[in-house]
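One-based numbering, in listed order, for ligands and for the atoms of each.
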Amino acid sequence: MNHLLLLAPLPDFLLQPLRAAYVCHDGVTDLEGVLAREAGLIRGIVLAGGTIVPEALLERLPALEILSVFGVGYDGVPVDVCRRRGLRVTNTPDVLTDDVADLAVALVLMTSRRLAEAERFVRAGEWPAGPFPLAHALRGKTAGIFGLGRIGAAIARRLAVHGLHIAYHGRRRQPVDYAYCSSLQELAAVSDFLIVACPGGGATRQAVDNEVLAALGPQGTLINIARGSVVDEAALVRALEAGAIRAAGLDVFENEPQVPEALLASPRVVLLPHVGSATQETRVAMAGLVVENLAAHFGGRPLLTPVA
Ligand code: NAP
């Protein structure tokens, strides 16, 4: 049996088929021990979307052939290094697109209609003392999508149905009817909701900074379902405290699972624990892709969803 290094906690419905077909080594709790004993045997790594794979780790695995990401984002994998070494990389695109897009819409609704605040209001017994303050409608507002890829386009389709205008920014104009903005700042300036849906990694690190938040403005809301690294979190805290933007809906954070105290304390921020793809149906489908990509690789067949 081939040997795999597991670099993230994985659900049972993924662990079971992996353990049935491979010798699996726990790299989460005993990485150094596994490397000391088995480094020369490891042919595959299984990791999650947020897992960081240092280049130095790859250098310690001479028999490594494939890295299979249980997630679509692979910003923690040094893909250029993998390509140079001829290592294959796979991820789990498409099967999670609908769930993540649904979650983005939920965050748009939760922030615009102040739903989390309204729920806390009822639970706190404040309703008998008077009605909940008025919120804001979606109709006629503009959603600016930063990264009109699989998830970004699914968000755009959903929000168009809710009556929003759609604009987007990416590295290139696409053959779509939505308004293209050639810079992120320009997109923020036309947006009521700036929705981050691009990949993480060096190219987008802290792209949503002071200037972008200032352009979004006091009527604007930031939604992030992509990666915490794309937003300058300190700048976001300052913008919220100063009223420079109205609200934020966040599924991802710079240092997960740590969430800055200032965000926890702000009633205008909706906070979710990175649950964009966290449904039974989707996680099972993602697990299936991990298993099938590994089986294809070790069976000498084409990969289903290769990144490299
Ligand atoms: P995708 O199809 O590759 O779309 C990414 C989009 O971002 C592309 O349209 C690309 O357009 C744009 N982009 C890439 N690099 C850019 C850059 N440097 N500047 C501006 N735009 C850039 O990926 P996806 O499947 O939609 O997933 C998007 C991201 O969502 C993933 O990478 C992942 O980090 C995140 N995600 C989060 C969760 C969650 O649980 N919250 C779940 C799944 C995914 P151009 O090529 O035109 O620039």
Report the member of [options] with the shortest heavy-atom distance to [atom].
| atom | options | value |
| --- | --- | --- |
| atom 48 (O) of ligand 1 | R171, H274, H169 | R171 |
| atom 6 (C) of ligand 1 | G170, G200, G149 | G149 |
| atom 36 (N) of ligand 1 | V275, V230, I225, L250 | I225 |

Number the atoms of ligand 1 from 1 as they appear, then name those within less than 4.0 Å of a heavy atom of [X], with their elements.
| X | answer |
| --- | --- |
| C198 | 7 (O), 29 (C) |
| V100 | 42 (C), 43 (C) |
| A203 | 18 (N) |
| S277 | 40 (O) |

Side chain, backbone, both or neither: which part of [X] has a heavy atom under 4.0 Å from ligand 1?
| X | result |
| --- | --- |
| R227 | side chain |
| F146 | side chain |
| A207 | neither |

Shortest non-hydrogen contact from L236 toward A248
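Shortest heavy-atom contact: CD1-CB, 4.3 Å.
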Are Y168 and Y180 an aromatic pair, judged by ring center distance below 6.0 Å?
yes
Could you tell me whether [X] and [Y] have a side-chain N and a carboxylate O separated by less than 4.0 Å?
| X | Y | result |
| --- | --- | --- |
| E126 | R120 | no |
| E59 | R85 | no |
| D98 | R158 | yes |

Can an N or O of [X] be found at a distance shorter than 3.5 Å from an N or O of ligand 1?
| X | value |
| --- | --- |
| G73 | no |
| V72 | no |
| R150 | yes |
| D75 | no |
| L96 | no |
| G276 | yes |

Report the nearest protein non-hydrogen atom to [atom]: residue, atom name, distance rounded to 0.1 Å.
| atom | answer |
| --- | --- |
| atom 47 (O) of ligand 1 | R172 NE, 3.0 Å |
| atom 28 (C) of ligand 1 | A197 O, 3.4 Å |
| atom 32 (O) of ligand 1 | P199 CA, 3.3 Å |
| atom 26 (O) of ligand 1 | I151 N, 2.8 Å |
| atom 18 (N) of ligand 1 | T204 CG2, 3.5 Å |
| atom 12 (C) of ligand 1 | G147 CA, 3.8 Å |

Side chain T279, main chain T282, donor-acceptor under 3.5 Å:
yes
Using a 3.5 Å distance criterion without hydrogens, assess whether the side chain of Q174 forms a donor-acceptor pair with backbone atoms of L148.
yes
Between N293 and S68, is any side-chain donor less than 3.5 angstrom from a side-chain acceptor?
no
Side chain to side chain, L159 and I195, heavy atoms closer than 4.5 Å:
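A side-chain contact exists here, since the closest heavy-atom pair is under 4.5 Å.
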Drop me the distance from Q185's CD to D209's CG, to the nearest 0.5 angstrom.
7.0 Å
Determine the interplanar angle of the H25 and H3 rings, folded into 0 to 90°, and report it as parallel if under 30°, tilted if 30 to 60°, perpendicular if over 60°.
parallel
How are the rings of F298 and Y22 set to each other: parallel, tilted or perpendicular (split at 30° and 60°)?
tilted
Evaluation steps, side-chain contact (heavy atoms from CB on, under 4.5 Å), between L271 and F253:
CA-CA 9 Å; L271 304 162; F253 303 87; 3.6 Å; yes
Please evaluate residues L194 and L187 with respect to the criterion side-chain contact (heavy atoms from CB on, under 4.5 Å), reporting the C-alpha separation (whole Å), side-chain torsions for both, the decisive distance (0.1 Å), and the verdict.
CA-CA 8 Å; L194 179 63; L187 180 71; 3.6 Å; yes
Does ligand 1 have an atom that lies less than 4.0 angstrom from a heavy atom of P93?
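The answer is no: ligand 1 sits nowhere under 4.0 Å from a heavy atom of P93.
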